[in-house]
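This chain uses plain numbering: 1 for the first residue, then up along the sequence.
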Amino acid sequence: TNIDTNLRHVQDLAFVFEMSVILHILLITLDRYTAILHPLAHYKVFRSNTFSTWKIVAICVSVWGAATFLAYTRRLSREWTYCYMSVVMNMMRTILPLTVTTMLNIIIFLTIRNK
């Protein structure tokens with residue numbers, strides 16, 4: 001990109017926050033999907049005291065770790081030097097999780113509508 005090399009870390013940091021939001025929304029959607037389409041399995045996991053606060057914190061830390069890793073792979077792969085690589089990597093990092101989130105929300109909507 002046409003960003004000053006001294007400011008690329010700021011761009012990477014912005015991407016960390018972007019990826020974190022996308023991944024958190026995907027996790028919330030997966031939770032709702034499971035609760036609506038598989039209520040007994042959801043109940044077993046979340047209401048039977050097997051899902052502790054420690055696990056929730058570990059999942060959030062994992063999401064932030066994955067977001068950080070994905071943000072800094074841009075720097076390691078030097079994808080900004082190759083247009084096709086930038087397109088493919090952005091598709092995998094942002095479009096794919098957002099498409100999965102959209103599809104799960106459509107399935108949730110149709111399930112609720114048909115009941």
With a 4.5 Å cut-off on side-chain heavy atoms, are T94 and M19 touching? yes

If you take all heavy atoms of A66 and L23, which pair is closest and at what distance? CB-CD1, 4.1 Å

Not counting sequence neighbours, list each pair that qualifies as a side-chain hydrogen bond (donor to acceptor under 3.5 Å, both in side chains) and has a residue in residues 16-26. S20-H24

Looking only at non-hydrogen atoms, find the nearest pair between L26 and P97 and report the distance. CD1-O, 4.1 Å

Residues 32-45 side chain polar contacts: donor-acceptor under 3.5 Å, at least two apart:
unit_1	atom_1	unit_2	atom_2	d
T34	OG1	L30	O	2.8
H42	NE2	D31	OD1	2.7

Would you say I59 ends up clustered with W54 if hydrophobic residues are merged whenever their side chains have heavy atoms under 4.5 Å apart, either directly or through other cluster members? no

Check which hydrophobic residues are tied to V61 through side-chain heavy-atom contacts below 4.5 Å, counting indirect links as well, and list them. V57

Check: residues 104-115 side-chain donor-acceptor pairs under 3.5 Å, at least two apart:
unit_1	atom_1	unit_2	atom_2	d
N105	ND2	T101	O	3.1
T111	OG1	I107	O	2.8
N114	ND2	L110	O	3.1

Please check: side-chain N/O of R93 versus main-chain N/O of L70, any donor-acceptor pairing under 3.5 Å? yes

Under the 4.5 Å side-chain heavy-atom rule for ILVMFWY, direct or indirect, which residues accompany I25? V21

List for me each residue that meets ring pair (Phe, Tyr, Trp, His ring centres under 6.0 Å) alongside F17, sequence neighbours excluded, and say none if there are none. W64

